[in-house]
Amino acid sequence: MKRYWLVKSEPDEFGIDDLAAMPKKTEHWDGVRNYQARNTMRDDMKKGDEVFFYHSNCDVPGIVGLCTVVREGYPDHTAFDPDDKHYDPKSDPDNPRWFMVDVKLKRKFKRTISLKELKARDDLDGFALTRKGNRLSVMEVDKAHFELILGLE
DNA sequence: GCCAACGTTGGC
DNA sequence: GCCAACGTTGGC
């Protein structure tokens, strides 16, 4: 059963155009240091699942494109690298604390489906992204919500 | 740059 | 195990 997800990234760090520029338009989703998001990537995201790419911390926060999971959860090696920004000395290569998946860009949307627009809708009950105080960088999206949002483009 | 929300850490 | 202090996220 295919599931649907949303991942956040700051365009100043790694935006959708950066993903588009990668070989095979594919990149590993490293640097997530939150246990709930970690569990989602380690356990729940499966090959072929569809993923919204969301831009946070920018002029117009919102959903900017569509990706798919092309590799399922495996250890986030950036946690082992002391020179890496996301280095975590508590993650042991023999018992990794952090995991990631690989995502591939399917397509960039013609326009940004802004957070503002999503918040203004009354047919997205329970949508994790617009729930108060949500700071998760990886979250599940209901199939119905996913399809509804796809239709907004 | 501000600050609310929330997760993590560490003293006790 | 509680909870205050602190750090981070992310919209505005």
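None of the values given here were measured: they were computed from a predicted structure.
Although no hydrogens or angles enter the test, the distance criterion places a donor-acceptor pair under 3.5 Å between the side chain of A/Arg131 and the main chain of A/Gly126.
Residues meeting the side-chain hydrogen bond (donor to acceptor under 3.5 Å, both in side chains) test with A/Thr78, sequence neighbours left out: A/Arg33, A/Asp76. Listed by chain and number, the residues in a ring-ring contact (aromatic ring centres under 6.0 Å, His included) with A/Phe52 are A/Phe146 (sequence neighbours excluded).
The local environment of NZ in A/Lys116 is sparse, with at most 12 non-hydrogen atoms from other residues, nucleotides or ligands closer than 6.0 Å.
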Reading nucleotides 3-12 of chain C 5' to 3', which nucleotides get B (base under 4.0 Å from a protein heavy atom), which S (sugar-phosphate only), which -? ----BBBBBS

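A/Trp5 has its ring centre no less than 6.0 Å from the ring centre of A/Phe53.
Closest-nucleotide positions on DNA chain B for A/Arg97 and A/Lys132 were compared, and the one nearer the 5' end corresponds to A/Lys132.
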